[in-house]
2 protein chains.
Amino acid sequence: MLLTPKKPQRSTAKLRDPEGTRESLLQAAFREVYRYGFQSAGIDAILAATNVTKGALYHHFGSKEALGHAIIEEIIAEITKDRWLRPLEQSKDKNPIDALIGIVQAIPARPRDVKRGCPLVNLTQEMSLLDEQFRKRLERIFRAWQEGIATALRKGQQTGTVRHDLDPEEAASFLIAMVEGYEVLAKNAQDAKVWNMGIKNIRNWLSSLRAPGTGKGG
Amino acid sequence: MLLTPKKPQRSTAKLRDPEGTRESLLQAAFREVYRYGFQSAGIDAILAATNVTKGALYHHFGSKEALGHAIIEEIIAEITKDRWLRPLEQSKDKNPIDALIGIVQAIPARPRDVKRGCPLVNLTQEMSLLDEQFRKRLERIFRAWQEGIATALRKGQQTGTVRHDLDPEEAASFLIAMVEGYEVLAKNAQDAKVWNMGIKNIRNWLSSLRAPGTGKGG
DNA sequence: CCGCGTACATACTGGTTGGTATGTTGTTGA
DNA sequence: TCAACAACATACCAACCAGTATGTACGCGG
């Protein structure tokens, strides 16, 4: 007899809860990947951060790669939506520049977040070149992000709050590049002050996109 | 007898050449780290890319970490100096904005480079949070980079080619953030077009720093 | 009440990895 | 001329790590 059958200590409430285990696994895996990177995040470390066993993990995900894909599609994509896309859609009628300034300022400046950087950039840097599957999934998020900003700017042009002499797509990617670039700088410095200075500069740049004669508020 | 003594095939020219082995080791290690990241770059893979053995590697470097430190200080720092600091110093009397535009445009847009991104950013993203020794060395490079740009801008303010209503340090870090940010975007897209669009936008921004009445050329 | 599928749990493995122990060879200073 | 040392080369190892083989517990349809 090779296996000593472990007495099953699942609480009765946990019976038939297929999504609970998967979800907590995903969350723990995200935290580990966010901190150490995908390749350095160990399966055993992820497991240790939960009360889930290896059998359960490989029941829900076919491989470490599949787990990584799920992290991108179910966690990182959601963060982007929560932070950028939904706020932009909800403030449809407002001046999009004010909305964008609000969003940028709302990005957490807590030391913990600044030090870890942006999950999207972290994974992009690590995996884009190495694994096409990862890259494609990450690119989808970038595209949606850029598209969301561009759409808001285009609407602003129609309602006259945004300058007409700019290409919405180009301005959107410029904004993303600035945000990501400052996050890299702040992560290296491990200092929230760098990030706060970045916010200030990004805000100034965003203000320069206002249509002439359009003050703050809209 | 455990070891079959290998017939020493060092060419007579290679006798007493302490720097040659070390240097080629460093170059190969840099290439591997650049491509796969520090943690994923295997010692054996580095060795396979050269005709150097493990004994030689551990003779010159105490550990993989020490090798990583040497890569930062001897290779990546040099790249930054070559690409940014020396060109800025050599064009002392010229308009610094023109010099900066020239530097940005000179950053290679070859697909190979775009796809691999910036070595400095790659290592920062991977290691800053995990290893303080790495972070400190990388931060030194960032600081020197920012300081070089800021100094050039300050001189431009004195000679009247750069607007006075900007903080040179702040503008320098803004420029760096833009460059790094676009490199992240281009790396994710794996497309040089993204990078070329970034150059265009950065150039426009740089031009906006000119003192009023100062045309191109200085 | 029974068989079958889902949802796990545990032990194990084969390959990889950074690092080391121990050897040899050529040079150089005394 | 010879001992000491730098500069390697080779074989080996212990730890780690993704993945698997094989088991059990539970619930549900029939």
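Bear in mind that the values here come from a model prediction, so they are computed numbers and not experimental data.
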* Take B:E132 and B:R135 through the salt bridge (Lys or Arg N to Asp or Glu O under 4.0 Å) test and state the conclusion after the steps. => CA-CA 5 Å; B:E132 182 65 12; B:R135 209 208 100 240; 2.4 Å; yes
Measure the distance from [atom1] on [X] to [atom2] on [N] and round it to the nearest whole Å.
X     : N      : atom1 : atom2 : value
B:L57 : C:dT17 : CG    : C1'   : 13 Å
B:H59 : C:dT24 : NE2   : P     : 18 Å
B:K54 : D:dC8  : NZ    : P     : 17 Å
A:H60 : C:dA7  : NE2   : P     : 6 Å
A:Y58 : D:dC17 : OH    : P     : 12 Å
B:N51 : D:dC8  : CG    : P     : 11 Å
A:R22 : C:dT6  : CZ    : P     : 16 Å
B:F61 : C:dG19 : CZ    : P     : 13 Å

* Side-chain ion pair, B:R22 and B:E74, N-O less than 4.0 Å -> yes
* Residues A:R154, A:E169: salt bridge by 4.0 Å N-O rule -> yes
* **Position toward the 5' end of DNA chain D (nearest nucleotide), A:Q39 or A:G55** => A:Q39
* To do: By nearest nucleotide on DNA chain D, pick out whichever of B:A56 and A:G62 is the more 5' one.
  => B:A56
* Main-chain N/O of B:K187 paired with B:Q190 side-chain donor or acceptor, under 3.5 Å -> yes
* May I ask you to test the B:P108-B:R83 pair for a side-chain heavy-atom distance under 4.5 Å? => yes
* Asked: In terms of ring plane angle, is the pair A:Y182 and B:F174 parallel, tilted or perpendicular, where the classes change at 30° and 60°?
  -> parallel
* Asked: According to a strict under-4.0 Å criterion, is B:T21 in side-chain N/O contact with OP1 or OP2 of D:dC8?
  -> yes
* Mind running a 4.0 Å heavy-atom check of residues 41-50 of chain B against DNA chain C and sending the residues that fall below it, in number order? => B:A41, B:G42, B:I43
* Take B:D191 and B:K115, measure what salt bridge (Lys or Arg N to Asp or Glu O under 4.0 Å) needs, and give me the verdict at the end. => CA-CA 7 Å; B:D191 190 347; B:K115 285 180 181 173; over 6 Å; no
